[in-house]
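Along the sequence shown, residues are numbered consecutively beginning with 1.
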Amino acid sequence: YLRVMFFCPTYRMNPATGNDEPYYRIKESYRDRLGRVHSLVLLSPGFIKGYSGKELNLTSKALNKLMAHKGECATLFGDILAEYPERVSSLAREYWSQIEAKGTVDTFREKKRHDEGSLQGRLMLKSDTLEHKEGRDLGAEWLCFQTIRQLGLDTFLLTQGWSEEKVQFALAHLITRTVYTPSELKSMRIIQENSAVTDILGLERDKLKKHDIYAVAPALFALKNKIDTYLTNKTDSLFGLTNRIFLFDLTNFYFESPKRSSKKAKFGRSKEKRYDCKLLVLALCVNTAGFIRYSAVLEGNASDPQTLPNMIEELAKKNPTVRTDSDRALVVIDAGISSEENLALIKEKGFHYLCVSRKNLTEYEVAENAKTVTVLDSKKQPIRLTEVKSTANGDHYLLVNSPSKALTEESMNRQYRERFEDMLAAIKKGLSTKGGTKRYEKVCERVGRARGKYPSIQRFYDISYVLDEKGTTVIDINWTIKTPEKMDANVGIYFLRTDKPEIDEKTAWSHYNIIREIESTFRQLKTDLSLRPIYHQNDGTSDAHLYLGLLSYWIVNTIRYQLKEKGEKSYWTEIVRTMSTQKLVRSKATNALGEIVEMDICTQPTQAAAAIYDKLGFRHYPFRKMKICSAQT
């Protein structure tokens, strides 16, 4: 029991002066063993004249000393009120005498005895009345909520004029989207039936309606530029990121709907081979830590080279002009984007570039004093790196010779050669089959389709036709491989290209392999966060849906980046599985006094879940609630 005495003023009219003046009561507050705060009025001095607020504050401290010494002023060490001014100590003694004469000190003692007497009864629950009303998933939601607090996203939204309730709605949907990856409609059901996210947020579940959930993604998408800038700066300051290397690539998402009225959804080259569905293209730039530095949703048929200029413009705005060549950031891109125009633009905007050359060099020589460096790829297979010189342009080239890649390409070439020859054999068979294609023009069309299907193989074949006397019908077709020795001559060989002269072989290779980080990003977006397929019908809701997924990725990557720094490399789905073992259990029982006791208890995290909390420096439990209702009638 911690007791504190203090002056509590309320304003009322003083009959003596006719003015509103502070009317004082001396109160005592204490917290009982149940953790509840109580307040008792010990004395009502009323209107106090001639004393300042500072003097009354000192008087309350003097009264607390008297209470601690049970009213005894004199001790072996002298007067306990000697440190206070005479006016203060005399006022404190006067009020203490009145409190003792009134007997209100004993009121606390009686209250204490009553509390201690009833405490055992309150804590004694009748086992036959104990009911576990419901259990909800807690751990993954609590992990995401603490990450959002770490990023300060909730505070940022408040600064944008959002109400506290609107922020709670947004966080409830964002956390649910991150943990369960549902649609808006399913998200509502999960919040109502499965998740403890509303309990963590202190949000009344009944206040959250379907239209509140549907409004979250468009409202966040309307703040896209501001949110992206804020999160970029926040993660840079939190983790000390330097942003010296940027990784840029594209992916696409397919629709499970016709999207007839959409201006963005187009048929294109699907990464998932869903050529029957319309697509949206996501252009993404991340740093080496996996944090997003640029994102844009483009038309489904957008070609790779066309997407780079906007990204470079945005990066140039966010990065200050460099003074020296060594200060320039490095943009790492794949071969599909590295057109000559794009490389020139990257250089013009103050960046270096590193990419796979779109064309293998045909004329080059090994650089003077160049040595072959052997490194290991992600599968621990050896790769040989050699610097070479080319007169094609002023860039620097690195010849990469991968034996494992050579085996793969040789196997693919054999398959393509067999399939190409099977198509030619089918055309030849049709020449002697009743009803088969025999006219010269039609036969050439079929051969042309075969060439178009296997362009990397057909260039090594010579195909000849034998015509009848009229020259309109094909009697026979023959083919030969004109340069068989060249078919597998360059397998496993490609060239890295950069305009940064001081970069060595191992550094160039390690920088290029960082592009796997953006591949990991796409995997998390598509698989872990289930951004595919898209079911929305118009461009606005589709863009908002994808952006909500990117915000979920911010949360996931913030968690995974910190865990990877501590040696934990699990994917998000495994982290969710581990954290979801922690539950919120809502129970109800009757105690020995006949009062109804309602309890919200968080289960203890498993060893694996506790380790994740500890590595992130997060708390293990959001709360422990106990509510004692009035006695049953």
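Atom CZ of residue Arg189 and atom CG of residue Asn194 lie 9.5 Å apart, to the nearest 0.5 angstrom. Between the CD1 atom in Ile190 and the CD atom in Gln192 there is a gap of 11.5 Å [rounded to 0.5 Å]. Rounded to the nearest 0.5 angstrom, Asn64 CG and Met67 CE are separated by 4.5 Å.
When each of Ile213, Val197, Leu201 is checked for a side chain to side chain contact (heavy atoms under 4.5 Å, CB included) with Leu208, only Ile213 meets the rule. Checking Leu138, Ile148, Ile175, Ile612 one by one against Leu143, the side chain to side chain contact (heavy atoms under 4.5 Å, CB included) holds for a single residue, Ile612.
Side-chain contact between Asp137 and Lys583: present, with at least one pair of heavy atoms (C-beta onward) separated by less than 4.5 Å. Proximity of Tyr553 to Ile292: side-chain heavy atoms (C-beta onward) are separated by under 4.5 Å at one or more points. By the 4.5 Å heavy-atom criterion applied to side chains, Met5 and Ile26 are counted as neighbours. In this structure the side chain of Ile346 reaches within 4.5 angstrom of the side chain of Ile333, judged on heavy atoms. Looking at heavy atoms from C-beta onward, Trp142 lies out of side-chain contact with Met579 at the 4.5 angstrom threshold. The shortest side-chain heavy-atom distance between Leu546 and Phe221 does not fall under the 4.5 Å cut-off. For the pair Lys207 and Gln168, the minimum side-chain heavy-atom distance is 4.5 Å or more. Contact check for Arg25 versus Ser44: side-chain heavy atoms found under the 4.5 Å cut-off.
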Stepwise side chain to side chain contact (heavy atoms under 4.5 Å, CB included) check, Tyr294 with Val286
CA-CA 7 Å; Tyr294 168 83; Val286 302; over 6 Å; no
For side chain to side chain contact (heavy atoms under 4.5 Å, CB included), just list the numbers for Leu247 and Asn287, CA-CA rounded to whole Å, side-chain angles, deciding distance to a tenth of an Å, and then say yes or no.
CA-CA 6 Å; Leu247 317 171; Asn287 61 13; over 6 Å; no
Check step by step if side chain to side chain contact (heavy atoms under 4.5 Å, CB included) holds for Gln150 and Ile559.
CA-CA 10 Å; Gln150 184 183 28; Ile559 294 170; over 6 Å; no
Salt bridge (Lys or Arg N to Asp or Glu O under 4.0 Å), that's the test. Do Asp199 and Arg205 meet it? Break it down for me.
CA-CA 8 Å; Asp199 302 276; Arg205 203 171 298 139; 3.1 Å; yes
Salt bridge (Lys or Arg N to Asp or Glu O under 4.0 Å) assessment of Glu134 paired with Arg136
CA-CA 7 Å; Glu134 63 178 2; Arg136 290 178 172 270; 3.4 Å; yes
Does the pair Trp554 and Thr232 meet the rule for a side chain to side chain contact (heavy atoms under 4.5 Å, CB included), with working shown?
CA-CA 10 Å; Trp554 274 100; Thr232 296; 4.2 Å; yes
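At least one donor-acceptor pair closer than 3.5 Å links the side chain of Ser237 to the backbone N or O of Lys234. At least one donor-acceptor pair closer than 3.5 Å links the side chain of Tyr230 to the backbone N or O of Gly152. Under a 3.5 Å cut-off, the side chain of Trp572 and the backbone N or O of Thr178 do form a donor-acceptor pair. Side chain of Thr229 to main chain of Lys226: no donor-acceptor pair is present (N/O by atom type, distance under 3.5 Å, no hydrogens or angles).
Counting only N and O atoms by type, the side chains of Tyr547 and Asp228 include a donor and acceptor under 3.5 Å apart. Side-chain contact, Arg177 with Ser552: no donor N or O sits under 3.5 Å from an acceptor N or O. Residues Glu141 and Ser195 bring a donor and an acceptor atom of their side chains to less than 3.5 Å of each other. For the residue pair Glu568 and Ser570, a side-chain donor N or O sits within less than 3.5 Å of a side-chain acceptor on the partner. Donor-acceptor pairing under 3.5 Å is recorded for the side chains of Lys224 and Ser295. Side-chain contact check for Asp614 and His620: at least one donor-acceptor pair (N or O, by modelled atom type) lies under 3.5 Å. Between the side chains of Gln604 and Gln582, no donor-acceptor pair of N or O atoms lies under 3.5 Å.
Between Phe618 and Tyr613, the ring centre distance reaches or exceeds 6.0 Å. Between Tyr561 and Phe291, the ring center distance clears the sub-6.0 Å criterion.
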